[in-house]
Protein chains: 2
Amino acid sequence: MKQVTINDVAKAAGVSRQTVSRAMNDKGEISEETKERVLTAVRELGYRPNRMAQSMVTRRTGTVGLVFSDILNPFFPEVARGVQDVAREQEYNVFLCNTDDDPKVETQILQSLVAQGVDGIIILGSCLGAKALLEFADTYHPIIMTNRFVNHININQLIVDNVRGGALAAEHFVQQGHQHVGIITNENVSYSRVRRIQGFCNTLLQYEVACDDSVIESGAPTLAGGYAAAKRLLTRQPQLTALFAYNDLMALGAMRACRDMNLNIPEQVSIIGFDDIHLTSIVSPSLSSIRVDKYMIGVKAMTRLLEMLARPDAEFPWQEMPVELVLRESTRLVNPQNDLKSS
Amino acid sequence: MKQVTINDVAKAAGVSRQTVSRAMNDKGEISEETKERVLTAVRELGYRPNRMAQSMVTRRTGTVGLVFSDILNPFFPEVARGVQDVAREQEYNVFLCNTDDDPKVETQILQSLVAQGVDGIIILGSCLGAKALLEFADTYHPIIMTNRFVNHININQLIVDNVRGGALAAEHFVQQGHQHVGIITNENVSYSRVRRIQGFCNTLLQYEVACDDSVIESGAPTLAGGYAAAKRLLTRQPQLTALFAYNDLMALGAMRACRDMNLNIPEQVSIIGFDDIHLTSIVSPSLSSIRVDKYMIGVKAMTRLLEMLARPDAEFPWQEMPVELVLRESTRLVNPQNDLKSS
DNA sequence: TTGTACGCGTTATCAA
DNA sequence: TTGATAACGCGTACAA
């Protein structure tokens, strides 16, 4: 039950602690012979250095914090998986924290992580204001943020190409001849909410399709939120034939709303989501969506965090994640309406 | 950017370090007067105790490890949410770790968590052998394990009523008049795999419905695994009219396999899954499943872990999680075949 | 190449 | 009520 310490190894190998430390950390000059003898003792005793003690002197804990709104949204586990896989390779452990999109909770979590001594923090879509984030960044380094542009030397950004995502969805709807298009979006006015709508609406307007507040409905970024928002929107604007959702969960909620309202997908209403979580291809009809490589977001975020840790004074450029439209059954591939109109 | 230490505070307040410690931790006798003086200095200097140094001597880190096979299986995020919510309340932070059902990885993760100094570990469905687990428990306390019965003073169990879950599924199939029933299960012969099949088969046999290895097919406990296993099984045993899956992901995979094989659900094949993850009610046809309160598993696990931490010498009984059959569209609610037979 | 001695920031022990 | 001193386990100058 007692922990094996470096002293036990030293005694067992008949050397001093220092020699053990050298053998383990592979630095400093040490003879192959003694090194091997030490490592054998290490294995036999099952010795693992005590991280707390190491942290004490190295000022590194080998831990990072991963902060996001809700682990129940499948988007985040996919990103988390990327973060964790990179972390494990470098023997880092990851704290996962839910903010529930509550600024107070997020603030508390960040404080808790700092107190915990994490070496770095990754925030996926913060819900804090720019001022709060800048203040935080003044006291902490390094920070990775996705889908948020906060200009600070201690923060490195990883931005999904939200504008293009919105544009791709709009272009498809236009090509399919939709004239009445609606948006189901996040009630929290986040960076990505703004960009996605911006890309979507601007493109629609280019093609002279209307896009104003009257065809936008907001809700929680969840199944239930999407369901309720879609129901409100489709009741208010029954002429809509296409919906662009803030994320896939909201899109799936919207699909259920359509079913409950006896609206066929895609015959009567086409739907495009965002994120392309696994669910999209499982449901029936399957959901068209804007794909982002979520695992890669995690990989890139954690990799960059490690780089920042390795070179604390270096400056790193922000990175962009490309998007791609994946068409499935929730959108029409051909459009008879369009044919009729053009004839 | 330099850290304020307890010594700075001591100097500023004109007292010893020990007095500062007493003032902060609210224990030991200390005069109101000096306490206030110290706390003022603390505020002025912005002093925050260094958790690593605290951990060094208190042997508590305020962290726990949560270990499971794969965060991409929605079952685990739901449990994790319960763990995290309880943890946050008590100012604990949680490490989440994926083992990918690989014993080597799990071993490495456990070692890593121990080295990290976590105060306790929760393992959801370990893939390690009993011997390895007992050995580990000899060196670590406290451990919570779900769906695994390893008798050790340092381990507390939380067991899902797998046998009853299997029995419920079998009873339903029998009531619906199914005579040819198959099983899609986990290729890893886990505790829950054995129990679920046991409950299922024993019940079938009671009603004189066949249940042997010929109607069991294994695969990875994932969508793809379920898909492949179902395809193999239904090809080999085309007479089957009902499938019981190890978990919902496998069941969903099986549903897709049926679709690809032009088998209607539930008319030609009924399917029951296990876990009742959110997905079950989103897909179409929706999936009948054995429900477990996943969030509550997390809550109970973390709560018990805290109890064990508070009373290290106390013995705690194992706990059982009830299950319940939730019928949806993937199973027939009435069975014409049965009516015909009984007439 | 190896060992000695000290410091990291905190709490615990005991004496004052 | 307070303060000096000793841990906690490890890394690292510096000396041998």
Side-chain angles (χ1 to χ4, degrees), chain A residues 1-42 45-63 91 114-119, chain B residues 1-39 41-42 45-63 91 111-119 139-140:
Chain A
M1 201 67 194
K2 227 179 67 183
Q3 176 159 353
V4 184
T5 82
I6 198 171
N7 281 318
D8 301 326
V9 179
K11 242 171 241 165
V15 296
S16 75
R17 292 195 323 223
Q18 170 57 2
T19 309
V20 177
S21 178
R22 273 198 275 258
M24 300 259 339
N25 299 338
D26 239 9
K27 60 170 92 169
E29 322 284 327
I30 184 176
S31 74
E32 268 307 316
E33 183 187 11
T34 43
K35 182 171 170 181
E36 226 167 280
R37 184 153 43 100
V38 170
L39 292 182
T40 307
V42 165
L45 295 175
Y47 166 68
R48 304 224 17 171
N50 179 320
R51 271 269 181 65
M52 293 165 264
Q54 276 181 323
S55 306
M56 209 54 250
V57 43
T58 61
R59 317 305 251 136
R60 284 283 174 91
T61 56
T63 63
E91 307 214 48
V114 171
Q116 189 68 253
V118 292
D119 295 342
Chain B
M1 209 66 195
K2 224 179 73 186
Q3 177 159 349
V4 184
T5 82
I6 199 171
N7 280 317
D8 302 327
V9 179
K11 244 172 239 164
V15 296
S16 75
R17 293 189 319 223
Q18 175 55 8
T19 306
V20 178
S21 176
R22 273 197 276 256
M24 300 264 337
N25 298 338
D26 240 8
K27 62 169 95 169
E29 322 285 326
I30 184 175
S31 73
E32 269 307 318
E33 184 187 11
T34 43
K35 180 171 172 181
E36 228 167 278
R37 185 152 43 100
V38 170
L39 292 183
V42 165
L45 296 174
Y47 166 68
R48 304 208 32 154
N50 180 321
R51 281 270 281 264
M52 292 162 259
Q54 277 180 323
S55 304
M56 196 75 238
V57 46
T58 60
R59 315 308 251 133
R60 283 284 173 93
T61 56
T63 64
E91 308 212 49
Q111 292 308 326
S112 150
L113 287 172
V114 171
Q116 190 67 254
V118 293
D119 295 342
T139 73
Y140 192 81

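Throughout, protein chains are lettered first and strands after them, A, B, ... in sequence-line order, and every chain is numbered starting at 1. Atoms considered below: every heavy atom in the structure, side chains included; atoms not considered: hydrogens, waters and symmetry mates.
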| message | Rounded to whole Å, how long is the line connecting atom CE of M56(B) with atom C1' of dA6(D)? | response | 14 Å
| query | Expressed in angstrom and rounded to an integer, what is the separation of K35(B) atom NZ from dT2(D) atom P? | reply | 12 Å
| task | Using only heavy-atom distances, decide whether a donor-acceptor pair under 3.5 angstrom links the side-chain of R51(B) to the base of dG9(C). | result | no
| task | Determine: side-chain N/O of S31(A) to OP1/OP2 of dT2(C), distance under 4.0 Å, yes or no. | result | yes
| Side-chain donor or acceptor of R22(A) under 3.5 Å from a matching atom on the base of dG3(C)? | yes
| Looking at the side chain of I6(B), which of dC10(D), dT2(C), dT10(C) is the nearest nucleotide? | dT10(C)
| said: Tell me which residues in residues 11-19 of chain B lie within less than 4.0 Å of DNA chain D, going by non-hydrogen atoms. | reply: V15(B), S16(B), R17(B), Q18(B), T19(B)
| query | About how many Å separate OG1 of T139(B) and CD of Q111(B), when rounded to the nearest 0.5 Å? | reply | 7.0 Å
| query | What does S21(A) touch in the nucleic acid at a heavy-atom separation under 4.0 angstrom: a base, only the sugar-phosphate, or nothing? | reply | base
| said: dG9(D), OP1 or OP2 - any side-chain N/O from N7(A) closer than 4.0 Å? | reply: no
| Phosphate-side-chain proximity, Q54(A) and dG11(D), N/O vs OP1/OP2 below 4.0 Å | yes
| request: Have a look at T34(B) and say if it touches a base, only the backbone sugar-phosphate, or nothing, with a 4.0 Å heavy-atom cut-off. | output: sugar-phosphate
